[in-house]
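Below is one structure, written out as structure tokens; comments come after it.
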Number of protein chains: 2
Amino acid sequence: MNSKLEKSVDGFVESIGQLGSNLGLNKMAAQLYALLFMSNDPLSLDDMMKRLKVSKGNVSVNVRELEKWGAARKVWVKGDRRDFYKAELDVFKIITERLKTGLTRRMDETLQAIKQAEETIREGGGNFNGKDKKTAKVYRERLEKAKEIYWRLNGLIETASKIIT
Amino acid sequence: MNSKLEKSVDGFVESIGQLGSNLGLNKMAAQLYALLFMSNDPLSLDDMMKRLKVSKGNVSVNVRELEKWGAARKVWVKGDRRDFYKAELDVFKIITERLKTGLTRRMDETLQAIKQAEETIREGGGNFNGKDKKTAKVYRERLEKAKEIYWRLNGLIETASKIIT
DNA sequence: TAGTTCATTCAGAATGTTTAGAACGATGCA
DNA sequence: TGCATCGTTCTAAACATTCTGAATGAACTA
């Protein structure tokens, strides 16, 4: 292949890897996706490992990760028993959904922690006195504020979700 | 301090640490923020290191990181030469801005990589023939598609940004 | 069946990130 | 000035993540 053409794609692949990392995805998976995205023909594991200069094991694991996300799919090439993969080109929604899921889960855990803290304070009830009473009051206020932030973030994610669809 | 009260906050702090990690922030910084957020009085480095059971160096670096972000500020306590910090309670916008900045920078780099690739192909111009000519055509198409995705993501970020304000 | 080619798995190597804690300089005070 | 108490910086260690490459077994061929 024309090495200039190849190099131009390398830059893109590299950049998508960085972007993926920034979004908490695996760099290799992101690079693999970019490579598949730019390729017209499906690629074999060998194609990918040669192109990205990484081990076959690495490609194997990560390309199946992409498949799991719905970002790539295995295709059958007549007369060849190797596995070939091609990119799901319309991946935008898939990735954002994935990011949303991770974030939502963490946020829900935080909401649980907030509720748990509130419960603990409620249990303490009238038993607090002096300094502790004041502290409990501040805690209740802050936890309330934390819940507000939770709901704002939640609304933001929902809105983003709708925009994507 | 009432240890039940303290424990209830610990759960919250822990959870915010996890959430912060998920957003690409430093776990310690996130925990420190949560701790300051819950505290009515400003805290000294010693207070924080004891509470989170981490080294003073660690606290020093990360609390100043928070200050840099505008998420915490140093306050002067009369008659005490130690540094005290308190949380900027309305931190929502600050954090999201920060996340936006990071993401936007990466995306801009990707856009540059796309444009660079396009330029390289354009330079090749009519010199491609046969297989390469076809490849160049596919590349142009895919890069066009990549730009589309870039602009959609960009729009999404902009919209989110407006919602936050 | 023996030999070849493939994908997968997994232990440990390589790499990247975070932390502890010692060393240091600055500040305040007697 | 000498001592005590801070905050900061830095190195090496701990820890977490990612990657390689050898081992394995499945699928195919002659």
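Chain naming here is simple, since letters A, B, ... match the order of the sequence lines and numbering starts at 1 in each.
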Separation between NZ (K137(A)) and OH (Y139(A)), nearest 0.5 Å, reads 14.5 Å

Sorted by position of nearest nucleotide on DNA chain C, 5' first, the leading residue of S60(A) and K53(B) is S60(A)

Tell me the interatomic distance from D83(B), atom CG, to dA26(C), atom P, rounded to whole angstroms. 16 Å

Residue-phosphate contact under 4.0 Å: K27(A) side-chain N/O, dT18(D) OP1/OP2: no

K145(B)/E148(B) salt bridge by N-O under 4.0 Å criterion: no

Give a yes/no on whether any side-chain N or O of R64(A) is located under 4.0 angstrom from OP1 or OP2 of dT9(C). yes

Considering every strand and a 4.0 Å limit on heavy-atom distances, what is the contact class for N58(A): base, sugar-phosphate, or nothing? base

Proximity to the side chain of K74(B) - top-ranked nucleotide from dC6(D), dT8(D), dC19(D): dT8(D)

Provide, to the nearest angstrom, the distance between the CG atom belonging to D47(B) and the C1' atom belonging to dG7(D). 14 Å

R81(A) near the nucleic acid: base, sugar-phosphate alone, or nothing, with a heavy-atom cut-off under 4.0 Å? base

Rounding to a whole Å, what distance do you find between M48(B):CE and dC6(D):C1'? 13 Å

For D47(A), is there any backbone N or O sitting under 3.5 Å from a side-chain donor or acceptor partner on R51(A)? no

Distance col, row Q31(A):CD vs L66(A):CG, nearest 0.5 angstrom, shows 11.5 Å

Rounded off to whole Å, could you give me the CG-to-P distance for the N26(A) and dT20(D) pair? 11 Å

Earlier contact from the 5' end, DNA chain C, for K56(A) and S55(B): K56(A)

Nearest-angstrom distance from the residue atom CD of Q18(A) to C1' of dT18(D): 15 Å

